[in-house]
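As structure tokens, the structure follows; a few thoughts come after it.
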Amino acid sequence: MKVVLGVAGGIAAYKACSLLRLLSEAGHDVTVVPTASALHFVGEATWAALSGKPVHTDVWSDITEVPHVRIGQEADLVVVAPATADLLARAASGQADDLLTNVLLTARCPVVMAPAMHTEMYEHPATQANIATLTERGVHVVPPASGRLTGRDTGPGRLPEPEQLFEVCVRELARGAGGAAPSGAAAARAPRGDLAGRRVVVTAGGTREPLDPVRYLGNRSSGKQGYALAAVAAGRGAEVVLVSAASLEAPAGVRVVRVETALEMEAAVRAEAAEADVVVMAAAVADFRPSSYADHKIKKTHEPGADGSADESAPVVTLVRNPDILAGLVAARGGAAAPVVVGFAAETGDESASVLEHGRAKLARKGCDVLVVNEVGADVTFGKDDNTVHVLRRGSDAVLDVGPVTKTAVAQAVWDVVTDIL
Ligand code: C5P
């Protein structure tokens, strides 16, 4: 497919190099159209070398080929990353003062814009009005991520990670290829991805159950699979709440509720799930917690006894059961169909049964709609970028084997199953 990668003049232009690589490696024919300011950040030679094509910023080069019209007309997708406040303003007001704005006026394919700038500029009513105008006209504006910006600032305004933008591009290309990419008023009404209008809750990470102010009982979950599920759902148009016990950076377009313990996670999930269409329990929730919390650090040795010798016996930690959040969700919905509940099962095979057999038994026990079974071990899955899973559906004997692939690709497969159920 023909993709135009527009790059405006922001420091995040360097991240567009990775997006270009992902698009090219996926077999797309990418034409880079930077603005003149973008070339202050990443030079023409870099874009030309990475795309294998000449790069122009104005409408006066190769004039016989009428590039200002042709590039936009022939595109299957235009993605602008980063889109600066100035580029958004020029696009919203229909200016055509450089090659990129000409391309935007002539394109009739899906258009994706990823704003990136300092928080104040992003939140300014002028920028927000321009984003609203562009959205109304059918542009898919990807909300910026929150986090460290250039200099000392933090807040909303970071360009989403290239992998997340790539996922949005793949979806928009599919939408365009399906003939669902009208322009103008019709585009404003067109659905943005197959999870548009859906509210989903995803949990991620391993809970920590504190023993004292210093120590906790935890597990090896990194949270990467849950974050990938949240990022992909946002890219497919869902409103996403991520209840996270991991300390990873928030994906763009996702509201993060940070929790630490299983009880905190249960309260957050219960509050957020009330209005949800889907709940995905990807978190590794601790089954047990210490029965009591010591306000002060538990000491290695206790006070000397009557005979003057220090008591060096190890303390005994008593555990109590945590609530099963997933089981609680299934029980709370009674006979109703919503929300669709997806569970994860980290399994190791043993003498009694294989990973898959354990998974089937768990699906029956938990009563959720989908169970994603993954084989785990000290060096398998945890913290890795790749995953291998078997997806089971309630009421079906079929097994969907996925992987080994990236956790993002696993997330796509899981959402494909969920959208089928929805
Ligand atoms: O029974 P097991 O812990 O293997 O089940 C895993 C699934 O149950 C995961 O989806 C996990 O998020 C969820 N779970 C839960 N509450 C617990 C333990 C697990 O929701 N206390």
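Please read these numbers as outputs of a predicted model, since none were measured by experiment. Order of appearance sets the numbers: ligands from 1, and atoms from 1 within every ligand.
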When rounded to the nearest 0.5 angstrom, what is the spacing between CG in Leu159 and CD in Gln164?
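It is 9.5 Å, given to the nearest 0.5 Å.
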
Indicate whether the side chain of Glu347 and that of His358 have a donor and an acceptor atom separated by less than 3.5 Å.
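Absent: no donor and acceptor within the cut-off.
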
Within the 3.5 Å criterion, strictly below it, is a donor on Tyr227 or Ser244 matched to an acceptor on the partner's side chain?
yes

For Ala230 and Val254 the tightest heavy-atom approach is O-CG2, 3.8 Å

Would you say that more than 12 heavy atoms from the other residues, nucleotides or ligands in this model lie under 6.0 Å from the CD of Glu275, or not?
no

Write out the protein residues near ligand 1, meaning a non-hydrogen atom under 4.0 Å from one of its atoms, in order of chain and number.
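Protein residues near ligand 1 are Met281, Ala283, Val285, Ala286, Asp287, Pro323, Asp324, Ile325, Leu326, Gly343, Phe344, Lys362, Lys366.
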
Could you pull out every donor-acceptor pair under 3.5 Å between side chains of residues 319-327 and any protein atom, sequence neighbours left out?
| from | atom 1 | to | atom 2 | distance (Å) |
| --- | --- | --- | --- | --- |
| Asn322 | OD1 | Arg289 | NH1 | 2.7 |
| Asn322 | ND2 | Ala286 | O | 2.8 |
| Asp324 | OD1 | Leu326 | N | 3.1 |
| Asp324 | OD1 | Ala327 | N | 2.9 |
| Asp324 | OD2 | Lys366 | NZ | 2.7 |

